[in-house]
Chemist: 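If you scroll down you'll find the structure; I have some questions about it.
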Amino acid sequence: MDGWWRRDPFFIRYMAREATAPFVAAYAIVLLVGIVSLARGADAYEEWLEALASTGWIVAHAILVAIFAYHTYTWFQIMPKTMPPVVVRGRRLAPEVITFAGIAAAVLASLALWILVAYGAP
Amino acid sequence: MDTVDVDVVIIGGGGAGLRAAIAAAASDPQLKIALVSKVYPMRSHTVAAEGGSAAVTLAEDSLEHHFNDTVSGGDWLCDQDAVEYFVEHCHEEMVQLEHWGCPWSRREDGRVNVRAFGGMKIERTWFAADLTGFHMLHTLFQTSMKYPSIRRFDEHFCCDLLVHEGSAQGVVVIDIATGEFSMILARAVIIATGGAGRVFRQNTNGGIVTGDGMALAYRRGVPLRDMEFMQYHPTCMPGTGLLFTEACRGEGGILVNRDGYRYLQDYGLGPPDPWPRKKAMELGPRDRLSQAFWHEQRKGRTIDTPHGPAVHLDLRKLGEKLLRERLPQICELARDFLGIDPAQAPIPVRPCVHYTMGGIPTDVNTAAPLPGLYAAGECASSGIHGANRLGSNSLAELCVFGRVAGEQAARFAREAPAPNGVSLRWQAQDARGSAVGLLARPAGGERLATLRDEMALAMEQGGGIYRLEPEMQATCKKIAELTERLPTVNLGDRSQCWNTEWLAAIELGFQLDVAQAMAHSALARRESRGAHQRLDEGLTERDDANYLKHTLASHVRAGPPAIGWSEVVITRSPPGVRAYGAAGESKEAAVG
Amino acid sequence: MKRSNQPFFWLLFGAGGMLSALIGAMLVFITGVAAPLGLGVHADLMSHANAIAFARGIPGKLFLLVVVSLFLWHAAHRIYHSLHDLGIPPGPLAQAACYGTALLGTVVATVALLAIGF
Amino acid sequence: MADTRKIVLEVLRYTPGQSTAPTLQQYPIEFTDDMSVLQGLQQVKDFVDGSLTFRWSCRMAICGSCGMMIDGAPKLACRAFLRDFLPGPLRVEPLEHFPIERDLVVDISDFVDKLGRITPWIEPREPRSLEQGEYLQTPAQLERFESFSHCINCMLCYAACPQYGLDSRFLGPAATALLHRYNSDSRDGAQAKRMELVNSEEGVWACTAVGYCSEVCPKAVDPANAVNQNKTASAVSWFARFLPGRG
Ligand SMILES: Cc1cc2nc3c(=O)[nH]c(=O)nc-3n(C[C@H](O)[C@H](O)[C@H](O)COP(=O)(O)OP(=O)(O)OC[C@H]3O[C@@H](n4cnc5c(N)ncnc54)[C@H](O)[C@@H]3O)c2cc1C
Ligand code: SF4
Ligand code: F3S
Ligand code: FES
């Protein structure tokens, strides 16, 4: 089974999907470091903020955004497989509809978050 | 050689074999049952049946109607005691399958739905979309797993029937994966090996439908009954022979010739409208529809395709939605093989060999004329189909007579003495010797496929929809010649493991025996009845005075079979005129 | 038959996957791109004062804990299975490494958030 | 349609006892556009090399015998058409993840054993005699399980599933689809028994929702959906144990 996932484009897409996980973890760790430094005091926190503002980290985060977006797409793409069939007026909902609804929900939630942060924050 | 001791051995894991196994196991949990099949049971050809299974269901229907449809459909060659038993028990068997989980199509109120079928006066065909046989087979197979007393021998090929002092006492099987032989000794043997359609060229049958069980019994002295009756199904794919179920017409599909004309009205099946209408036009019996095609072809009114002449099966009126819902498999076949969407365009079809009416003769208890031997399913001549089977009677038969076979064999096994191991061992060694002998021949000689194709072509020529004496004689000769050539055939494969070429050679031997019985039985029946239609001077009509009897072909070592005759059991329906369409309707009105 | 302990992890995986699918990309954009560059948000969005204020409120605390923890559990579960996909046999060791990290992260985040005070 | 074209079949050959390792053998054939890969193989067996071994029977995509790797993907040979693989050569190999018995024939006994373990029969919710007739089941109730009952046991999904390939203890797509078929049948009452298998370590939990099983299924059974729905069901039952009054 070595290298089985190179056998078919389908598997390569699957591996790409799974490969988003370390990046999700990486982001969680970045945040965690931020929280810990916040707990350690203002100096530690400022250091963390400064690091975030470096070009390297900004580029890295920009890449992370793309990876997270890919995760969003794949997550809702397998959604129809993972949930019980939804029957609306006697008809089973088509998979594309479920995927679309999921992505739409993600867009709405993200917009809401943006509005909250950009206009609601002090 | 390994020996396995059981009470009942069943050869065949199709609908009939599985139903028998369950019945035997349910009747007595102590019985040891062996179920032998050359393919995994769920691959058996029952899987391919599309249309449905008959059982009197609606309030306006009656056993009498089903009986009459069956007997007249069979051109009065049916054993009426068997038909009576059959129609009485269809419904409970269908309900039994329902209780076991078969996903029958339903009406809105949750009851099982029924559809119309050819030659049936009232809708009485239970169906599971167009996958009826598939669902029945898988339901039976999966249900059979409930019984630990059923020991399966999957992918084991039965190559001989063991007989000691006039009673069947076991079989010899080859484990296909290893090539090893075993002897299964039993107090009762059930043969449920299915039909023999592959003897012909264009047919609807799967590759495994090679008449093995019929030949096994035939070689052991059991005569084969009514072998001249082969059913041609009118709507098959030219070339491959793939079937477009009768349900296409049951749902309202029509047949038209090259001029777009519903030609069936010219052959005593009209008038065409109103449509659909039971027992008329496209819902006439299969033999009549196939014969009509033959005449159309003669008149040059068929359509030319790369695989020969065809007519059009037009399903466009049914509409996209109904087609997808009721006939999904048909849509798929048409699309993949022909590039046709039945909702948009008509499908070219022609008659192909479909069903073997004859077989191992059995009585109402499914007992063959060899003590300890039982037969059920297409390999049996249970007497219910006569000269022409009605669509959807066969699947019902698998259940009704499969159950009887299981129960009767179990009953017999409880009383029968233990098999005689010593004598049977010699026979089994012999069987192995001759099977292995095929492999031991030096290389060189003819290809197996050449012989097989010649046989199939000869059967088509001499055993077609219409038959002529000289052609039939030529076929008999050809089969004899092929039987002689068979031992010199070249087998390139010498392996013991999964040697399908070798098994195919054994199967071809079975097929040639069955073909021989068919050809000679046909020659002996000097009349026209049901699926056996002769064009010879003076033989084009049914002749009840001389031929209201079954043929019995008995195997003769090195020579043509001896043809004997047996009485047809008539209980309440004397031979009458088979009338369909307007003629049939007025006849029924007259009878009341 | 031994009951699998996977449902527990799978549920955390699912919750983290869903949360990150819904807002992950935007969150990364805000904290990693928009805030440092002052793109469309206040330049001091993540200033120490703002951060402390946010992390001292109960909703803020919970939000941070949930994001960090669930993202970690989501990743841990996927990585655990990916190790298997790549030929590293699943077992107590791999399980400890993956789920252990997520657990550790959760504990550290909890302690830190508590230390920040209310 | 009658025009013939040429393609080379490149078939994996292996005979235990005779071959040391599987090898590829090339067979150039002529074909017409309506010919399936199965017909191509039959042509070779009939007229070129009688020892080439493969399973087939119905040639109409319903018996489930003829699954093989065709051009790297699991397919039914009788429902794959030679015309779609031009210019070739067309690689034909036995199904992945199963031991080879010979040439294109694989050993599927693992699946058949699994099938036997899922309680693939109805244990009635309420008993009913034959005289009482059929159970009532509305078309809507039928639809809840019908598509999962369409499985022809062709094993394409097992050949597609990397998790099964990595660890064959996994119950796998088709067996789970059939399990789900019975669990969703309004007539059945053996859900609890089947859930034990679903919940177990060999149950559904090895699945990582690759989804390729459903992609290759020739009968649109959607086994991935069955497996993943059962993860949800299994997770619910995992937590339900801790609810009061649930033991
Ligand atoms: C395409 C098609 C559609 C049909 N549609 C309908 C329909 O709608 N309604 C209807 O009533 N009928 C229909 N029929 C007819 C009906 O399906 C068959 O008559 C019936 O299924 C035969 O069942 P069986 O159990 O006798 O044999 P099969 O299902 O053919 O089983 C035979 C079994 O015997 C085994 N076997 C054979 N030889 C050996 C051997 N030498 N050693 C070991 N095992 C052996 C095989 O492995 C197999 O398990 C249809 C037939 C076809 C071909
Ligand atoms: S689920 Fe589909 S692919 Fe899998 S065995 Fe069944 S029919 Fe074949
Ligand atoms: S491919 Fe395998 S991993 Fe799951 S979704 Fe299908 S069973
Ligand atoms: S031969 Fe039956 S599925 Fe292909």
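Atom set for the values below is all heavy atoms of this structure, side chains included, hydrogens, waters and symmetry mates excluded. Chain identifiers are assigned alphabetically (A, B, ...) following the order of the sequence lines, protein sequences preceding nucleic acid strands; residue numbering begins at 1 within each chain.
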Chemist: Which atom pair, heavy atoms only, marks the closest approach of A:F11 to D:P162?
Modeler: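 Of all heavy-atom pairs spanning A:F11 and D:P162, the closest is CE2-CD, 3.9 Å.
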
Chemist: Any chance you could measure D:T208, atom OG1, to A:Y14, atom OH, to the nearest 0.5 Å?
Modeler: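 These two atoms lie 2.5 Å from each other.
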
Chemist: Heavy-atom distances under 4.5 Å only: say whether D:S147 touches chain A with side chain, backbone, both or neither.
Modeler: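 Interface part for D:S147: side chain.
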
Chemist: What part of D:A140 is in contact with chain A, defined as an atom under 4.5 angstrom from a non-hydrogen atom: side chain, backbone, both or neither?
Modeler: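 D:A140 has no heavy atom closer than 4.5 Å to chain A.
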
Chemist: Verify the neighbour count for atom CD of D:E143: are there more than 12 heavy atoms of other residues, nucleotides or ligands below 6.0 Å?
Modeler: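 For D:E143, atom CD is not crowded (no more than 12 foreign heavy atoms under 6.0 Å).
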
Chemist: Between D:A209, D:G72, D:G211, which residue shows the highest count of heavy-atom pairs closer than 4.5 Å to chain A?
Modeler: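 Max contact count across the listed options: D:A209.
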
Chemist: How about CG on A:D43, more than 12 heavy atoms from neighbouring residues, nucleotides or ligands closer than 6.0 Å, or not?
Modeler: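 Incorrect, the count does not exceed 12.
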
Chemist: Considering heavy atoms only, which positions within residues 56-85 of chain A lie below 4.5 Å of chain D?
Modeler: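 Residues of residues 56-85 of chain A touching chain D at under 4.5 Å: A:I78, A:P80, A:K81, A:T82, A:M83, A:P84, A:P85.
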
Chemist: Determine whether more than 12 heavy atoms belonging to other residues, nucleotides or ligands lie under 6.0 Å from atom CZ of A:R40.
Modeler: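 It does not: A:R40 CZ has 12 such atoms or fewer within range.
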
Chemist: Taking CZ in A:F100 as the centre, count heavy atoms belonging to other residues, nucleotides or ligands within less than 6.0 Å. Is the count above 12?
Modeler: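 Open.
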
Chemist: Any chance CZ of A:R17 has more than 12 other-residue heavy atoms, nucleotides or ligands included, within less than 6.0 Å?
Modeler: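 It does: A:R17 CZ has more than 12 such atoms within range.
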
Chemist: Is A:R13 close to chain D through its backbone or its side chain, or both, or neither, when contacts mean heavy atoms under 4.5 Å?
Modeler: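 Neither part, no heavy atoms under 4.5 Å.
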
Chemist: Other residues, nucleotides and ligands only: do more than 12 of their heavy atoms fall within 6.0 Å of CZ on D:R83?
Modeler: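 Result for CZ/D:R83: enclosed.
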
Chemist: Relative to chain A, which segment of D:A226 carries a heavy atom at a distance below 4.5 Å: side chain, backbone, both, or neither?
Modeler: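 Contact with chain A: none, neither part.
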
Chemist: If you count every heavy atom of other residues, nucleotides or ligands that lies below 6.0 Å from A:E50 atom CD, does the total exceed 12?
Modeler: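 Open: at most 12 neighbouring heavy atoms sit under 6.0 Å from CD of A:E50.
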
